[in-house]
Amino acid sequence: ALLTTIERLADGGALIVVSGRLEGALELQVAEHRRRFSPVIVCRVDPGRAAGWRRRAAFTEVQGPDARGLAEAWNRMTAR
């Protein structure tokens, strides 16, 4: 359903996906849309991970253990 929704979107602008854990294959499929959207950002709520963010080759990854941690990581990313 996620990929179908992304494929239906008009090209241009940012693609921001908020989820729990994504399987590696699904994550790569989302990243493949970087030619259509700029930037591509994957935000994850994952109780097992600390809040933080990092730029990867195809997208930016933002994560937090809960919604508050995710928001804090997002704020640190956008402050740069």
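Quick caveat, the model's predicted, so the values are computed rather than measured.
Here Q29 contributes atom CD and E7 contributes atom CD; the two are 8.5 Å apart, rounded to the nearest 0.5 Å.
Heavy-atom neighbours of R34 CZ from other residues, nucleotides or ligands within 6.0 Å: above the threshold of 12.
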Applying side chain to side chain contact (heavy atoms under 4.5 Å, CB included) to I6 and R36, what does each step give before you reach the verdict? CA-CA 10 Å; I6 292 171; R36 295 181 51 215; 4.2 Å; yes
Take F37 and I16 through the side chain to side chain contact (heavy atoms under 4.5 Å, CB included) test and state the conclusion after the steps. CA-CA 9 Å; F37 303 98; I16 301 172; over 6 Å; no
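Between L2 and V30, some side-chain heavy-atom pair lies under the 4.5 Å cut-off. Side-chain contact between W53 and Q63 is absent, with no heavy atoms from C-beta onward closer than 4.5 Å. Counting only heavy atoms from C-beta outward, the side chains of R56 and V42 never approach each other to under 4.5 Å. Between P39 and F59 the shortest side-chain heavy-atom distance does not fall below 4.5 Å. Residues V62 and I41 are in side-chain contact: their nearest non-hydrogen atoms beyond the backbone lie under 4.5 Å apart.
By the rule that hydrophobic residues join a cluster once side-chain heavy atoms approach within less than 4.5 Å of another member, L3 and L28 end up as members of separate clusters. A continuous path of Ile, Leu, Val, Met, Phe, Trp and Tyr side chains, each step under 4.5 Å between heavy atoms, connects L26 with V40, placing both in one hydrophobic cluster. Both V18 and M77 belong to a single network of hydrophobic side chains, linked directly or stepwise wherever heavy atoms of I, L, V, M, F, W or Y lie under 4.5 Å apart.
Nearest heavy-atom pair across P65 and A50 is CD-C, 4.2 Å. Between A51 and G69, the shortest heavy-atom contact is CB-O, 3.4 Å.
Residues meeting the salt bridge (Lys or Arg N to Asp or Glu O under 4.0 Å) test with R54, sequence neighbours left out: E61.
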